[in-house]
Each structure stands twice: as structure tokens, then as C-alpha cells.
Amino acid sequence: MSKPPATIYYHDIGDYLSREQKLEIVKSFDSIANMKNEMKILQPNRHGDWISHRDEGFEELIPLAPKKKFDVKTQSVFTVVSRGFETARDAWIYNFSKSLLTLKIKGMVDFYNDLVVNLKVSSGNKTADVVSMDETVIKWSSSLLALLKDRISINFSPLDFRIALYRPFSKHHAYCGERVIHRRGQFDQFFPTQKHENLVICVSSVGDTGPFTVLMTDSLPDLHLMGTTQCFPLYYYDKNEQTQQMNLFDTDEEYVRRDGISDFILSHVRELCGPKVTKQDIFYYVYGVLHSEQYRAKFAVNLKKTLPRLPLPEESKLFWSFSKAGAELAELHLKYETLPPHPDVREDSPKDHPDCRVRKMRFAKEGQEENKTAIVYNNDITLWNIPLEAYDYVVN
């Protein structure tokens, strides 16, 4: 005997409640029957959304990401997208000190190469079963174990260091040499050498639990820069096919720069805003729109379930306003280290040469109350006169 489709009732008791608060609310209803008038019947939409329904108008916007990477005929804003840089061994690949990083990575490479020469694996044994898992000498990943099994060595090169944005506003030195990175993504084309410059818009990925976040960088962005990060570049670089035919008198570059912004979106925006629009103007327009509070509020549900889409401006003035705002934000976010400090904030230390190592920062105390205008950096250093509005800033 067939049964009719089930009816699902739902009651939202609010966010950020403790376990005790939640149980108290349930207890106050006494029974399910008493809750019925407070509940609503859930009906999924065509996307399978039961509770948080996405805005259907989002599908009418232009996708940022292409269906196929490096497709010059794509009908999306960008021709390529990549996950952030996935090392699988962050403690080995990143460091504030380049000299310490060099020592660590050389030690790991030497240890690995010694195994390539000397490791003996009996037939039927897995490589992972007979190598050291001591993470003070090496950090293994499935890709590195596969290389070891095939007896493939690693070459260290001083040219393979980059500057990376490991976390928001926290730059590190990174070693990006061959075979030590678990998944490189497209970053060999985004930042092929130390001298190749680029800008990358990084956004939080589908399924991240936090609010939608966006940040621009001119450095290598880590996979977990913001949740799980997806990256859209202003440029990418292809190997010059003529490089192999170059002689000593050729001046051709080893790489050819390509546009990350598509011809498709350039054509559409120029139809609306005139022929002076450049792809870099569009890049900053994207950055401005993705920071728009109205955009993020309207499409908050969509942005948790899919990558961003771009609305076209209704008029030229609107495009240039967002593009200018995006460029100004980029200036702040990229050059934060060179901006002047707040004029009222001061550093106080009783010593001429204070200890600069941070242990555990805390707010200063006034009696039993915390003084959030003062941060105790360590026993030697305290920062004073921090404006309270600084705590309202979040990285999106």
C-alpha cells in the first residue's frame, strides 16, 4: 500500500543560542501539537533548497567562472579560475623567515632524496608502510608518496621562492619548487616566476559556513586564505612557443601574458559604457560589486551555494562608480603595509629594546573590566588609544 508524500514542518528558533537556551524553547512548547501553529510547511524549490531559498534572479547574472578553463570564447567574466594554493605541508612551505624556510625545505628535500636512493620496499609492501612518518623531518602526502614509489627525486632551486598571502593581511615566504606542492592549481601560470606580476580576486568557496568573503592580492594566495578559496586573476601567463627557437640575440620573453578578463564581458560593458572601458576597469568593477552590502545581502544564500555572478550596470555612471570604488579598495588591501598608522595609536614600552615576541595578546584591564582601547602585546609592549570602531572591521 503506497503512502502519501510526507509533510515537513519547520520552526526557526533563532541563531547563536546556547544548548540550554534551545532546550528551554523546546520545553516551553510542552508538546509538538502546541508547536504546530508556530511552524511552517517546507516546500523545496527547483534547486532542492528547503529552508534557505536562493534568489532566482541570480541565474540571470553573468557567471564569474568559465565552464572550461582558458576558454577565450567563454561567456563568463573570467577565462580561468583556480582553487587557492594547496601545499598539504604548510609548516614546511611557509615561513616569515626566508632563511629558516630555506633550511627547512633543504632538509626535507635531502631526507626525501636519500630515501629515493636507499629505500628498499619488499614486494607486496606499500611505500607508506616502510617510510618514517616523523613530521619533524618530512610531511608526506599522497602525491609525494607516489613520487617516492617511482623513485623520482626532487631538485631544490633558489628561484622557486615566492611571497604568499597565507591568511588575510599576513604575508609569508613560500617555497613553490617542483614536486613539493600537493596541488598547484593554475598558479604556475598566475605567478610563473618571481618577476611576473599579477592581481588575483579571491573569494570564499561554495559550502563555506562563514559569510561570503572577498579579498584581492598581488601574491600567491593559500587555499585556506579565506575558508576554501577560489581565485580569479587579472592575467595568466603562457609559455612562449618560440622560446625553444631563441638564440643569444633574441629578446622575446619566456612567457606571454594573457588576459584573465574575457573578450565577452569587455564587449558587453563597452556596449553599455563606451569604448574607453578596459579589462582592468572591469576587474575593479567586479571587486567593487563583490564588496557591495546590497549585493551580498540580496544574494547571501546564492553565494553559499555557487560561485559569484556579476550584474551588468544599468548606466555608465554606475559602472564607473563601482570600478573606482573597487580600485580604491584594492589600493587599501594591497598596500596595507605602507599606509600611515592611525595618528592616535601609540606604542608604550618601558625598555629601549623590548622583547618583540608575542605570547598571548590580551586587552588591558581597568579593575575587573577589559579596556578594549589598549592591547597588551606582551609584558614589554602595550598598544594604546585603539579606536573602538576598529573592531567593526571584518575581511569582507
Side-chain angles (χ1 to χ4, degrees), residues 62-87 160 162-168 171-172 174 176 181 183-206 212-240 253-266 268-269 277-291 307-310 322-323 326-327 329-335 395-396:
I62 299 174
L64 257 62
K67 293 181 179 179
K68 181 181 178 182
K69 293 176 182 178
F70 305 112
D71 179 7
V72 295
K73 295 183 179 179
T74 183
Q75 295 191 8
S76 57
V77 177
F78 289 87
T79 59
V80 62
V81 61
S82 176
R83 279 161 54 96
F85 200 57
E86 183 177 1
T87 74
D160 286 329
R162 302 285 185 278
I163 297 298
L165 191 64
Y166 183 60
R167 295 294 182 265
K171 290 181 179 179
H172 289 233
C176 308
I181 304 301
R183 291 192 173 94
R184 308 181 74 87
Q186 275 62 56
F187 286 97
D188 286 341
Q189 289 179 265
F190 291 2
F191 297 95
T193 73
Q194 295 172 346
K195 69 178 182 179
H196 285 90
E197 297 180 348
N198 208 345
L199 298 177
V200 181
I201 294 176
C202 305
V203 302
S204 49
S205 191
V206 176
F212 174 74
T213 305
V214 56
L215 187 64
M216 189 184 296
T217 181
D218 55 5
S219 306
L220 197 69
D222 183 70
L223 174 64
H224 298 300
L225 171 63
M226 304 173 305
T228 303
T229 306
Q230 295 282 347
C231 308
F232 299 90
L234 179 59
Y235 308 116
Y236 64 92
Y237 296 86
D238 278 337
K239 279 274 191 179
N240 192 337
E253 290 287 339
E254 184 181 358
Y255 292 90
V256 178
R257 194 177 77 180
R258 311 289 189 193
D259 290 321
I261 298 289
S262 70
D263 293 337
F264 166 82
I265 192 65
L266 178 65
H268 273 267
V269 175
V277 174
T278 67
K279 289 185 176 180
Q280 191 162 24
D281 294 330
I282 296 172
F283 188 76
Y284 289 130
Y285 171 77
V286 171
Y287 201 52
V289 169
L290 295 184
H291 275 90
L307 287 174
R309 288 173 170 261
L310 187 71
F322 273 104
S323 183
L329 277 171
E331 183 80 5
L332 290 172
H333 294 164
L334 295 171
K335 299 181 179 179
V395 187
N396 60 7

Do the side chains of [Y] and [X] get nearer than 4.5 Å, heavy atoms only?
X      : Y      : answer
Leu64  : Val81  : no
Ile62  : Arg309 : no
Arg167 : His224 : yes
Thr213 : Val203 : no
Pro221 : Leu225 : yes
Leu220 : Ile163 : no

Kindly say whether [Y] contributes a backbone atom to a donor-acceptor pair with the side chain of [X] at under 3.5 angstrom?
X      : Y      : answer
Thr228 : Ser205 : no
Thr74  : Thr79  : no
Tyr287 : Met216 : yes
Thr229 : Cys202 : no
Lys279 : Ile261 : yes
Arg184 : Cys176 : yes
Thr217 : Val200 : no
Arg258 : Val72  : no

Nearest 0.5 Å please: distance from the [atom1] atom of [X] over to the [atom2] atom of [Y].
X      : Y      : atom1 : atom2 : answer
Leu310 : Leu290 : CG    : CG    : 7.0 Å
Gln280 : Asp259 : CD    : CG    : 10.0 Å
Ile201 : His333 : CD1   : NE2   : 11.5 Å
Asp71  : Lys73  : CG    : NZ    : 8.5 Å
Ser82  : Lys69  : OG    : NZ    : 5.5 Å
Gln230 : Arg83  : CD    : CZ    : 7.0 Å

For [X] versus [Y], what's the shortest heavy-atom pair and its separation?
X      : Y      : result
Val277 : Val269 : CG1-CG1, 3.8 Å
Gln189 : Phe70  : OE1-CZ, 3.3 Å
Ala164 : Ala174 : CB-CB, 3.8 Å
Phe187 : Gly84  : CE1-C, 3.7 Å
Asp218 : Leu334 : N-CD2, 3.4 Å
Pro233 : Asn198 : CB-ND2, 4.0 Å

Ignoring hydrogens and angles, state whether a donor on the side chain of His196 or Tyr235 is under 3.5 Å from an acceptor on the partner side chain.
no
Would you please classify the geometry between the Tyr255 ring and the Tyr237 ring as parallel, tilted or perpendicular, with 30° and 60° separating the classes?
perpendicular
In terms of relative ring orientation, are Phe78 and Phe283 parallel, tilted or perpendicular, with 30° and 60° separating the classes?
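Rings of Phe78 and Phe283: perpendicular, as their planes differ by over 60°.
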Would Ser219 and Lys171 count as a side chain to side chain contact (heavy atoms under 4.5 Å, CB included) here? Give the steps.
CA-CA 8 Å; Ser219 306; Lys171 290 181 179 179; 4.0 Å; yes
Side chain to side chain contact (heavy atoms under 4.5 Å, CB included) between Ile181 and Glu86, worked out
CA-CA 7 Å; Ile181 304 301; Glu86 183 177 1; 5.9 Å; no
Show the numbers, then the answer: is there a ring-ring contact (aromatic ring centres under 6.0 Å, His included) between Tyr236 and Phe190?
CA-CA 5 Å; Tyr236 64 92; Phe190 291 2; 7.5 Å; no
Can you list the steps and then say if Phe322 with Tyr284 is a ring-ring contact (aromatic ring centres under 6.0 Å, His included)?
CA-CA 8 Å; Phe322 273 104; Tyr284 289 130; over 10 Å; no
